[in-house]
Asks: 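This is the structure I have questions about; it appears just below.
Because only heavy atoms are used, hydrogens play no part in the values below, and waters and symmetry mates are left out as well, while side chains stay in.
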Amino acid sequence: ERIGTAGFSSGGLSSVLLALRNTRIRALISLDGAVRTTSFLQLARTFPHFDPQRLRTPTLVIVPAPDRARPGFGDESFLEQAVYAEITRAVVPGTDHHDMASMSGLLRRCAQPGAGKDWSEATAGYAAICGLVRGFLGLHLRERPAAAQAEDLGGPCITLATRPAQQAAPTPADFME
């Protein structure tokens, strides 16, 4: 089975919760997901089986540059504790939180009165995000050569960092379908 899940904002947290409960998920993408907000993480901790160490799915976390981040989006504790999952973190400058939802959202912002700034960086960032998502899903859902690495996915404007998964033999108690 080749199943991946992706989510934007609170949908990014929902995708993580799905991957924690379903071992069939082979790729997880969080587009500036709420998995990085303390308040949403407090809520998520009330869900059964919420334990970052249960995550085994290769995960791509795409975030805007720190100067463009939403207030409260900076809690990396879940990602730091998810030591048994390969975590690739991509920082895409020029984009805001809502730019990751869709190109139409970016175009609406560009068309707003008084939006006279240069949107080329955000547009390039959005295109880079699309390529990164497509490449990550291809890397983890298709049978590709073992030499392919997450670092090969970045574009000129993306900063990528991959933390390999620690190897641990999961036990049946770790998972619940």
Asks: Do the non-hydrogen side-chain atoms of D51 and L20 ever get within less than 4.5 Å of each other?
Replies: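 The answer is no; the side chains never approach within 4.5 Å.
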Asks: Please answer: with hydrophobic residues joined when any side-chain heavy atoms are less than 4.5 Å apart, are I158 and L137 in the same cluster?
Replies: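 Yes; L137 is reachable from I158 via cluster members.
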Asks: Within a strict 4.5 Å, meaning less than it, do heavy atoms of the H97 and F8 side chains meet?
Replies: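 Sidechains of F8 and H97: in contact.
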Asks: What distance do I29 atom CD1 and R134 atom CZ have between them, rounded to the nearest 0.5 Å?
Replies: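 I29 atom CD1 to R134 atom CZ measures 11.5 Å (nearest 0.5 Å).
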Asks: I need the minimum non-hydrogen distance between I87 and A82, along with the two atoms involved.
Replies: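 The pair with the smallest heavy-atom distance is CG1-O, 4.2 Å.
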Asks: Look at the side-chain heavy atoms of Ile, Leu, Val, Met, Phe, Trp and Tyr, link any pair under 4.5 Å apart, and say whether I25 and L13 land in one connected group.
Replies: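 No, because I25 and L13 fall into different hydrophobic clusters, even though each may have its own neighbours under 4.5 Å.
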Asks: Taking E86 as the fixed residue, which of R163, Q166, H140 is the one that meets the side chain to side chain contact (heavy atoms under 4.5 Å, CB included) rule?
Replies: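 Between E86 and the candidates, side chain to side chain contact (heavy atoms under 4.5 Å, CB included) is satisfied uniquely by H140.
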Asks: Suppose we screen for salt bridge (Lys or Arg N to Asp or Glu O under 4.0 Å). Which residues come up paired with E80, at least two apart in sequence or across chains?
Replies: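 Listed in chain order: nothing, the list is empty.
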Asks: Taking all non-hydrogen atoms of both residues into account, name the closest pair between I3 and L141 and its distance.
Replies: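 I3 and L141 have their closest heavy atoms at O-CD2, 3.6 Å.
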Asks: Could you tell me which residues satisfy ring pair (Phe, Tyr, Trp, His ring centres under 6.0 Å) with F47, sequence neighbours excluded, listed by chain and number?
Replies: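 Residues passing ring pair (Phe, Tyr, Trp, His ring centres under 6.0 Å) with F47: none at all.
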Asks: How close do S15 and G7 get, counting heavy atoms only, and between which atoms?
Replies: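 It is OG-N, 3.4 Å.
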Asks: Under the rule for side-chain contact (heavy atoms from CB on, under 4.5 Å), what residues qualify as partners of S14, not counting sequence neighbours?
Replies: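 In terms of side-chain contact (heavy atoms from CB on, under 4.5 Å), with neighbours along the sequence ignored, S14 is linked to no residue.
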Asks: Taking only residues two or more places apart in sequence or in another chain, which ones pass side-chain hydrogen bond (donor to acceptor under 3.5 Å, both in side chains) with Q81?
Replies: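 Partners of Q81 by the side-chain hydrogen bond (donor to acceptor under 3.5 Å, both in side chains) criterion come out as none, since no residue qualifies.
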Asks: Checking T57 now: which residues fulfil side-chain hydrogen bond (donor to acceptor under 3.5 Å, both in side chains) with it, not counting sequence neighbours?
Replies: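 So T57 forms no side-chain hydrogen bond (donor to acceptor under 3.5 Å, both in side chains) with any residue.
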Asks: Can you name the closest pair of heavy atoms from A85 and A165 and give their distance?
Replies: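 Heavy-atom minimum between the residues: C-CB, 3.5 Å.
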Asks: If only atom types and distance count, is the side chain of R26 paired as donor or acceptor with the main-chain N or O of T23 below 3.5 Å?
Replies: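 Not confirmed, R26 side chain does not pair with T23 backbone.
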Asks: Within a strict 4.5 Å, meaning less than it, do heavy atoms of the P64 and D96 side chains meet?
Replies: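 Result no, sub-4.5 Å side-chain heavy-atom pair not found.
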Asks: So which heavy atom on T59 is nearest to which on V61, and how close?
Replies: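 Minimum heavy-atom separation between T59 and V61: CG2-CG2, 3.9 Å.
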Asks: Could you tell me the separation between the CG atom of L17 and the CG atom of L55, rounded to the nearest 0.5 Å?
Replies: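 The CG atom of L17 sits 10.5 Å away from the CG atom of L55.
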Asks: Which residues pass the side-chain contact (heavy atoms from CB on, under 4.5 Å) test with A127, sequence neighbours left out?
Replies: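 side-chain contact (heavy atoms from CB on, under 4.5 Å) check on A127 returns nothing, list empty.
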Asks: To the nearest 0.5 Å, what is the distance between CG (D32) and CD1 (I129)?
Replies: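 Reported to 0.5 Å precision, the distance equals 9.0 Å.
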Asks: Any chance you could measure L31, atom CG, to T95, atom OG1, to the nearest 0.5 Å?
Replies: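 The CG atom of L31 sits 10.0 Å away from the OG1 atom of T95.
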Asks: Using side-chain contact (heavy atoms from CB on, under 4.5 Å) as the criterion, list what pairs up with A124, not counting sequence neighbours.
Replies: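 Once residues adjacent in sequence are excluded, A124 has no partner under the side-chain contact (heavy atoms from CB on, under 4.5 Å) criterion.
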Asks: What residues, two or more places apart in sequence or in another chain, satisfy side-chain hydrogen bond (donor to acceptor under 3.5 Å, both in side chains) together with S10?
Replies: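 Per chain and number, S10 pairs via side-chain hydrogen bond (donor to acceptor under 3.5 Å, both in side chains) with no residue.
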Asks: With rounding to the nearest 0.5 angstrom, report the CD1 to CZ distance, I62 to R89.
Replies: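 Here the rounded value is 11.5 Å.
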Asks: I need the minimum non-hydrogen distance between A65 and P93, along with the two atoms involved.
Replies: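 Answer, listing the atom of A65 first, then P93: CB-CA, 4.0 Å.
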Asks: F50 and F78: aromatic ring centres closer than 6.0 Å?
Replies: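 Judged by ring-centre distance (under 6.0 Å), F50 and F78 do meet the cut-off.
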